[in-house]
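This one's a predicted model, so the numbers in the text were calculated from it and none came from an experiment.
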Number of protein chains: 2
Amino acid sequence: MAERTGDIFGDGPVALPRGGPLYLQLKRWIEAAIERGAIRPGDALPSERDLAQRADVSRVTVRKAMQQLVREGVLVQRHGSGTFVAPETRRVEQSLSQLTSFTEDMARRGMAVRAEWLDRGLYPPSPEETVILGLGSGERVARIARLRLTGDTPLAIERASLAAGILADPEAVGDSLYSHLERSGARPVRALQRIRAAHIAEADALLLQVPAGSAGLHIERISYLATGRVIEFTRSIYRGDTYDFVAELRLGDASNGTGQP
Amino acid sequence: MAERTGDIFGDGPVALPRGGPLYLQLKRWIEAAIERGAIRPGDALPSERDLAQRADVSRVTVRKAMQQLVREGVLVQRHGSGTFVAPETRRVEQSLSQLTSFTEDMARRGMAVRAEWLDRGLYPPSPEETVILGLGSGERVARIARLRLTGDTPLAIERASLAAGILADPEAVGDSLYSHLERSGARPVRALQRIRAAHIAEADALLLQVPAGSAGLHIERISYLATGRVIEFTRSIYRGDTYDFVAELRLGDASNGTGQP
DNA sequence: GAGTGGTCTAGACCACGCT
DNA sequence: GCGTGGTCTAGACCACTCC
């Protein structure tokens, strides 16, 4: 199969579905081709110049259509190589009612996950960290930043902050922060999470291997010891295309809508 | 204050921060101006042609920078009128552990929310609805689609499906689906939600008044009666810039990571 | 009608990958 | 070296808003 591309689109002119701006016509045309299986995940599209000529539009217009599909995760572009239909990604599920660590969670599913360290160290705290963690004056903060991956696919960036009094030696943390905390008797028993959709900023997008501005989940988590003390404050960015969070809801009374104690 | 714009940017040339592609330099320059308060929410930016001339770049390049900021929700463009710094939006919080109805939830917060009907009626079910709702052969499905708003700001699109046997007359549903169900003794007591980040498609983006492709939350909810029967299957799209979901987590045992019974 | 954003073009050069 | 995507230009016309 030398040139799948040639077979699929033919070599002749491209007939666009009429209606609306050209770049949207072209976008719909590409979506339709994928929809009906004419091109499949992993397949290459014709080059931008080729498509432009055959659809009788300018290359700028072709790019505008493709860029939208790239941002939506439908296509993948590789500089110097070509444009491809994005491979299907399996979604990962995570519970929103059980407090589990990422590592333990994935191990339970038999998924090969790993983490790369982005940062580990003791720092002077930001005002926000001082307030949330209830730091004493002069107390430093331990920061741990990790890139979570399954195989070669990045899943999420996790940036955790803990009081230096609780995690004196960030370098000693192994694969799982929670099991490290458990060994020192400081494993959290509950946590509050805030979840929102967000656009992934350029720097994070690079780490997560998605186009800048892609949809992702921004999660803030504050964890508590049984004593009620805050021990961990974590901000994470999850790729939008690989994560499903699952929550179980129960009939609530009006007294407490926020989950706050 | 005739022309805030003129004062803020001056009339002279624009000095871009060096480094990287021009459109990113320009994007950073605009972000910086907003950051330091030189232009504030609601203020107009110079026109694209004006900025292009003063920054000595082409209009296409100006547009590329602005488009990114529009997608991120930083700027708002109004055809024929101009480009403005987006007004700040207050975020709405919603619990992920208490099963409450949208209407009741907001009323408790004293927020003026309302809904517009997008669709109400009985339909032949899709295969998915038949399976999830456990429909009998020939049984139809009641569909309710609403646009949720606070004041004039759209918040979310909700599309619910119920067995016709449970909701025989969709037209009779008032402001709150749950209180309607309660009256017929069919209020759900628990639900499973799946949450993911997603790009908002063009049609939905129009309803939600955000640019197509913006980040949003896609939520699927399946609600159960005390008997265990599924009574509601809802898909919702929430704007990413106006919603925070809050979940409380408790230390989980390994037996049950999904919240599934 | 003047000014704004929205679309589109033809052509150029650069940076990257592959062979 | 050749083909690919990435950036950028100058100029054009359309559609919309506001005066």
Between [options], spot the one nearest the side chain of [X], thanks.
X	options	result
A:Lys64	C:dC8, C:dG5, C:dT7	C:dT7
A:Thr61	D:dT4, C:dC8, C:dC18	C:dC8
B:Val57	C:dC8, D:dC18, D:dT9	D:dT9
B:Ser58	C:dC8, C:dG5, D:dC8	D:dC8
B:Ser81	D:dC18, D:dG5, C:dT7	D:dC18
A:Tyr23	C:dT7, D:dT7, D:dT9	C:dT7

Measure distances between side-chain N and O atoms of [X] and base N and O atoms of [N], and say whether any donor-acceptor pair falls under 3.5 Å.
X	N	answer
A:Arg78	C:dG17	no
B:Arg49	D:dG11	no
A:Arg63	D:dG5	no

To the nearest Å, give me how far apart [atom1] ([X]) and [atom2] ([N]) are.
X	N	atom1	atom2	result
A:Leu51	D:dT4	CG	P	11 Å
B:Gln53	C:dT4	CD	P	12 Å
B:His79	C:dT7	NE2	P	8 Å
A:Phe84	D:dG3	CZ	C1'	12 Å
A:Glu48	C:dG11	CD	P	17 Å
B:Leu26	D:dT9	CG	C1'	15 Å
A:Gln68	C:dG6	CD	P	13 Å
A:Asp50	D:dG3	CG	C1'	12 Å

Open item on the list: Does a side-chain N or O of A:Gln77 approach OP1 or OP2 of D:dT4 to a distance below 4.0 Å, or not?
Closed with: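 Negative; the distance criterion is not met.
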- [ ] Take A:Val60 and A:Thr83, find for each the nucleotide of DNA chain D with the closest heavy atom, and name the residue whose nucleotide sits nearer the 5' end.
- [x]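 Mapping each residue to its closest nucleotide by heavy atoms, the 5'-most match is A:Thr83.
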- [ ] With DNA chain D as reference, determine whether A:Gly80 or A:Arg59 sits nearer its 5' end, using the nearest nucleotide of each.
- [x]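 Whichever sits nearer the 5' end wins; that is A:Gly80.
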Open item on the list: Taking the ring centre of each residue, are A:Tyr238 and A:Phe245 less than 6.0 Å apart?
Closed with: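 They qualify: ring centres under 6.0 Å apart.
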TODO: Give, for atom CD of B:Gln53 and atom CD of B:Glu48, the distance between the pair rounded to the nearest 0.5 Å.
DONE: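 So the CD of B:Gln53 and the CD of B:Glu48 are separated by 14.0 Å.
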Open item on the list: If you count every heavy atom of other residues, nucleotides or ligands that lies below 6.0 Å from A:Asp56 atom CG, does the total exceed 12?
Closed with: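 Open.
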Task: Electrostatic pair B:Glu129:B:Arg143 at N-O distance under 4.0 angstrom - done: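 Looking at B:Arg143 together with B:Glu129, the answer is yes, because their closest N to O distance falls below 4.0 Å.
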Open item on the list: I need the single residue from A:Arg239, A:Arg235, A:Arg159 that forms a salt bridge (Lys or Arg N to Asp or Glu O under 4.0 Å) with A:Asp204. Which is it?
Closed with: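 Running salt bridge (Lys or Arg N to Asp or Glu O under 4.0 Å) over A:Arg239, A:Arg235, A:Arg159 with A:Asp204 returns exactly one hit, A:Arg159.
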